[in-house]
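Scroll down for the structure; my scribbles are underneath it.
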Amino acid sequence: MAETSKEKVRVRIAPSPTGQMHIGTARTALFNWLFARQQGGTFVLRIEDTDVERSKKEYETELLQGLEWLGLTWDEGPDANGGPDRGEFGPYRQSERTAIYRKYIQQLLEKGEAYYCYCTKEDLEAQRQALLAAGLPPRYNGHCRNLVEPPAGRNPEVIRFKVPEVKVEFKDLIHGKTSFDTALFGDQVIAKDLDTPLYNFAVVVDDALMEITHVIRGEDHLSNTPKQILMQRALGFPTPQYAHLPLILNPDRSKMSKRFADVALSSYRERGYLPDGIVNFIGLLGWHPKDDHEVFTREYALEHFEMSRVQQAGAIFNEEKLDFVNREHMKTTPIVELVTLAVPFYEKAGIAIPSATDANYGMLAKAVALQLGRAKTLADVVEGSRLFFAMPEYEAKLLCWKETSVNDTMDALRGALAVLEAHAANKFEKEPLLEALTPLTNEKGRGVVLWPLRVSLSGQAASPDPMEIMEVLGKDESIARVSRAIEKLEGGRRLF
RNA sequence: GCCAUCAUCGUCUAGCCUGGUCCAGGACACCGCCCUCUCACGGCGGGAACUCGGGUUCGAAUCCCGAUGGUGGUACCA
C-alpha cells in the first residue's frame with residue numbers, strides 16, 4: 001500500500017469496441033481492478049469509440065459481458081444491462097462527449113497551442129518519404145504552424161497540437177524513470193475537426209475530467225505518454241501516475257495475435273475455461289506473488305498484489321500453463337457449482353443428462369466429480385463423462401486383458417456379474433464393491449477381472465476405475481452393461 | 001532508419017535495488033520410477049538458464065559501459 005498518499009485512487013480501462021474482446025484487455029482490466037480494489041479506489045470503465053468507422057455496439061456489449069463474466073466489476077461506466085451509466089463523471093462513452101472535447105480543442109486553438117493544418121495526405125506522404133530518404137525521423141514539418149492567412153478557398157484538413165521541443169521525463173511505476181525528446185515528434189494531429197477528436201487528445205481530456213490518478217495500460221502506449229503529458233500541460237491538467245504493463249506475446253515473442261492463438265476472451269469461455277482460471281493465469285502473465293504461490297484466487301491476488309513486482313519484459317501466452325491453472329481451479333470449485341456450469345456444455349454436445357427434478361440427478365454430480373483432475377476444461381468434463389449417459393459402443397475384443405482368452409474373460413465377467421447381482425443396490429459404492437469383488441480378483445487375478453469389467457462399463461481403454469463407474473451408474477445399469485458385454489463375447493466367440 | 005524499452009531453464013518466473021549464503025530456487029511442460037486393471041490423480045527422481053564482451057571489485061546473475069538480439073512506437077487507429 002505504498003504508492004499512494006492521501007488522494008483517492010481512481011483508475012480506468014479504456015478499451016475500444018473495434019473487435020472481439022482481447023485477452024490483453026482482460027489482463028489490463030485485471031491489473032487495474034486489483035490496484036483499485038486494493039487501494040480502496042475507484043475503477044472506471046470508459047469506452048473509447050472515437051473511431052466511428054470501426055466501433056461497433058456488439059463489441060461493446062461483448063466487452064461489458066466479458067468483464068462481468070470475469071468478475072472484474074467496475075464502479076463507474078456504462079451498464080452491462082443497458083441501464084444508465086453509473087458514476088458522476090459521465091458520459092462514459094467518448095462518442096457521447098463530443099461537446100466536451102470541442103470546448104478544449106477551441107481552448108487550445110485560442111491560446112495558440114493548436115492550429116488548423118491545411119496539408120493534404122498527399123503533401124504529408126511526400127514529406128514523409130523525403131525525410132525518410134534523407135535518413136531523418138519522419139515528422140510533420142510544421143508547414144501550417146505559423147500561417148498568417150488560411151490558404152484561400154481551402155478548408156482545413158486537421159487540427160494540430162504545437163508540440164514544444166523539450167525533454168519529457170516521467171516516472172513509470174513499472175519501468176522507473178523514462179524520458180523522451182519531443183523534438184522527434186512533430187506537431188500531432190489531435191482532431192480531424194472540432195467534433196472529431198483523436199485518441200491521444202480524447203484520453204488526455206477524459207483522464208483529467210474523470211480525475212484519473214493512475215493510468216495502468218499496455219506498454220504499447222508508452223510512447224504516447226510524452227505526447228499526452230505535453231497536452232496536459234497545455235490544458236493545465238495534472239499528470240497522473242503511469243504504469244505500463246508488459247505485453248502478452250506470441251511464441252515467437254511478437255505481440256499476441258490471432259495467427260498464433262485465440263486472442264478472443266469469448267473463445268476461452270466457449271471452450272470451458274473458468275473465470276477464476278483465466279483470471280489466475282492472466283494475472284501470472286507478468287506478475288506473481290512474493291511467496292511463489294501460482295494457483296490463487298482473486299482474493300489472494302488482491303491481498304498480495306504489488307505493482308512493483310510486475311515484470312518489465314513481455315510474457316508469452318502459454319496455453320499449457322493455462323490448462324494446468326484451470327484444472328486446479330476446477331478441483332477447488334464446489335461440485336454443485338461445476339455441474340451448473342457444465343450443463344450448457346452438455347447441451348452443446350447433445351448429451352442427455354438428468355434434470356434437477358429427476359430422481360437420478362445425483363449421478364450427474366458424481367459423474368462430474370470423477371472428471372476432476374482429469375479434465376482441464378468444462379468441455380473436457382462433458383466429454384469425459386459422456387460414457388455415463390449412454391450405453392457405450394466398443395469392440396468385443398477390447399474386453400480381453402492382455403493375453404487373456406475369450407473364455408477366461410467371459411468366466412471372469414460372469415463371476416463379476418454374479419457378485420454384482422448379489423450386491424445390495426444401496427451399497428453400490430466404491431469400497432463395498434471392491435470388497436465384494438476381492439475374492440474373485442484374488443482367484444483369477446485383478447487384471448483378468450477388473451479390466452473387462454471396466455471396459456464393459458465404460459467401453460474405453462482408459463477411464464475411471466470400475467468401482468467408481470458403478471457407483472455412478474447404480475446397480476441396474478451396471479448389471480445391464482456387464483450382461484451386454486457377456487453377450488458381445490458370446491456373439492463374437494466364433495470370430496476369435 | 002529514428003525513438004523508446006526489454007534481456008535468468010522450452011515457457012512463466014525467484015534472486016538483482018541493499019554484490020559473497022546461487023557451481024542459480026519454484027512452477028508448467030517433458031522424461032524416468034513408484035502406485036496400478038487402464039487413464040488420471042498422487043509420491044519420488046532427472047535433464048534444462050544468468051545473451052555476449054569489457055570494466056569496477058578480494059568476489060558479479062546482481063553495479064557501470066558497450067555490443068547483440070527481441071519487442072513496442074514512429075497514422076487524419078486505439
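Since this is a predicted model, take the numbers as computed values, not measurements. A note on names: the letters A, B, ... follow the listed sequences, proteins ahead of strands, and every chain is numbered from 1.
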How is A:T178 classified with respect to the nucleic acid when contacts are heavy atoms under 4.0 Å: base, sugar-phosphate, or nothing?
-> sugar-phosphate
Whole-angstrom distance between B:C64 and B:A49, as gauged at atom P = 26 Å
Name every residue in residues 200-209 of chain A that has at least one heavy atom under 4.0 Å from any atom of RNA chain B, in order of residue number, or write none if there are no such residues.
-> none
Return the nearest nucleotide to the side chain of A:V189; candidates are B:C76, B:C12, B:C37.
-> B:C76
B:G59: pairing nucleotide in any strand, Watson-Crick or G-U under 3.5 angstrom = none
What integer number of Å spans the C1' atoms of B:U62 and B:G25?
-> 15 Å
Tell me which nucleotide among B:C2, B:G72, B:U13 gets nearest to the side chain of A:D220.
-> B:G72
Report the distance from atom NZ of A:K444 to atom C1' of B:C37, rounded to the nearest whole Å.
-> 16 Å
Just wondering, do A:M391 and A:R484 contact through their side chains at under 4.5 Å, heavy atoms?
-> yes
Taking all heavy atoms of A:R481 and all of A:F388, pick out the closest pair and write down the distance.
-> NH2-O, 3.7 Å
Looking across every strand, which nucleic acid part, if any, lies under 4.0 Å from A:P251 by heavy atom: base, sugar-phosphate, or nothing?
-> nothing
Selected nucleotide, minimal atom distance to A:F324 side chain, candidates B:C12, B:U5, B:A29 = B:A29
Test for a donor-acceptor pair under 3.5 Å between the base of B:A29 and the side chain of A:N318, counting only N and O atoms.
-> no
Ranking B:U74, B:A14, B:U71 by distance to the side chain of A:L247, first place goes to B:U71
Value in whole Å for how far the C1' atom of B:U11 lies from CG of A:L249 | 12 Å
Verify whether one side chain among A:D206 and A:Y101 offers a donor that lies under 3.5 Å from an acceptor in the other.
-> yes
Selected nucleotide, minimal atom distance to A:S463 side chain, candidates B:U38, B:A78, B:U5 = B:U38
For the student: nearest non-hydrogen atoms of A:G286 and A:A315, plus distance = N-CB, 4.3 Å
Under 4.0 angstrom between A:K192 side-chain N/O and B:C77 OP1 or OP2 | yes
Atom CZ of A:F281 and atom P of B:A29: how far apart are they, to the nearest Å?
-> 12 Å
Inter-nucleotide C1' distance (B:A61, B:A7), Å rounded | 12 Å
A:K488 to A:Y394, cation-pi by 6.0 Å centre distance and 45° axis angle = yes
Expressed as a whole number of Å, how far does the C1' atom of B:G42 sit from that of B:U36?
-> 12 Å
Report which part of the nucleic acid A:G286 touches: base, sugar-phosphate, or nothing (heavy-atom distance under 4.0 Å, all strands).
-> sugar-phosphate
For A:V189, check side chain to side chain contact (heavy atoms under 4.5 Å, CB included) against everything at least two apart and list the hits.
-> A:V158, A:R160, A:L198
Distance, rounded to the nearest Å, where A:D172 contributes CG and B:G72 contributes C1' | 14 Å
Under a 3.5 Å cut-off for both distances, is B:U68 Watson-Crick or wobble paired, and to whom?
-> B:A7
Determine: side-chain N/O of A:K255 to OP1/OP2 of B:G73, distance under 4.0 Å, yes or no.
-> yes
With A:R271 as reference, evaluate A:D262, A:T377, A:N326 under the side chain to side chain donor-acceptor pair (under 3.5 Å) test and give the passing residue.
-> A:D262
Mind checking A:T50 for me? I need base, sugar-phosphate or nothing, with any heavy atom below 4.0 Å counting as a touch.
-> sugar-phosphate
What integer distance in Å separates A:E306:CD from B:C17:C1'?
-> 14 Å
Among B:A78, B:C37, B:U74, the one nearest any side-chain atom of A:E48 is B:A78
For B:U68 and B:G54, measure between their C1' atoms and round to the nearest Å.
-> 14 Å
Is the phosphate of B:A75, meaning OP1 or OP2, less than 4.0 Å from a side-chain N or O of A:R139?
-> no
Would you say B:C77 has OP1 or OP2 under 4.0 Å from some side-chain N or O of A:T18?
-> no
Who is the Watson-Crick or G-U wobble partner of B:U36, with both distances under 3.5 Å?
-> none
Among side-chain atoms of A:S254 and A:N250, is any donor-acceptor pair under 3.5 angstrom?
-> yes
If you check the A:L198 side chain, which of B:G26, B:C76, B:C28 turns out closest?
-> B:C76
Distance in angstrom units between A:Q312 CD and B:C16 C1', rounded = 11 Å
Name of the residue among A:R46, A:Q228, A:Q232 meeting side chain to side chain donor-acceptor pair (under 3.5 Å) with A:D207 = A:R46
What are the two closest non-hydrogen atoms of A:K444 and A:A412, and how far apart are they?
-> CD-CA, 3.9 Å
Rounding to a whole Å, what distance do you find between A:N326:CG and B:C12:C1'?
-> 17 Å
What integer number of Å spans the P atoms of B:C39 and B:C30?
-> 15 Å
Reckon A:K331 touches a base, only the sugar-phosphate, or nothing at all at heavy-atom distances under 4.0 Å?
-> sugar-phosphate
Could you check A:R128 against A:M467 and say which one's nearest nucleotide on RNA chain B is further toward the 5' end?
-> A:M467
Determine the sole option in A:I159, A:I100, A:D195, A:V205 for which the side-chain contact (heavy atoms from CB on, under 4.5 Å) test with A:I105 is passed.
-> A:I159
Testing B:A29, B:C37, B:C3 for proximity to the side chain of A:E320, the answer is B:A29
Provide the Watson-Crick or G-U wobble partner of B:A24, both distances under 3.5 Å; none if there is no partner.
-> none
Could you list by number each residue of residues 154-162 of chain A showing a heavy-atom separation from RNA chain B of less than 4.0 Å, or answer none if no residue does?
-> A:E157, A:V158
Across all strands, who's sitting opposite B:G1 as a Watson-Crick or G-U wobble pair, both distances under 3.5 Å?
-> B:U74
Residue met sooner reading RNA chain B from 5', once A:H175 and A:L450 are mapped to nucleotides | A:H175
P gap between B:A48 and B:G1, integer Å | 37 Å
May I ask you to verify if any side-chain N or O of A:H221 is less than 4.0 angstrom from the OP1 or OP2 atom of B:G73?
-> no
How are the rings of A:F170 and A:F180 set to each other: parallel, tilted or perpendicular (split at 30° and 60°)?
-> parallel
Does the base of B:U71 carry an N or O that pairs as donor and acceptor with the side chain of A:R253 under 3.5 Å?
-> no
Residue pair A:H244 / A:T225, side-chain donor-acceptor N/O under 3.5 Å | yes
On a whole-Å scale, what distance lies between the C1' atoms belonging to B:U8 and B:A14?
-> 10 Å
Using atom NZ of A:K290 as one end and atom C1' of B:C16 as the other, report the distance to the nearest whole Å.
-> 12 Å
State, with a plain yes or no, whether a side-chain heavy atom of A:R217 is found less than 4.5 Å away from one of A:Y242.
-> yes
Between A:K321 and B:G26, is there a side-chain N or O to OP1/OP2 distance below 4.0 Å?
-> no
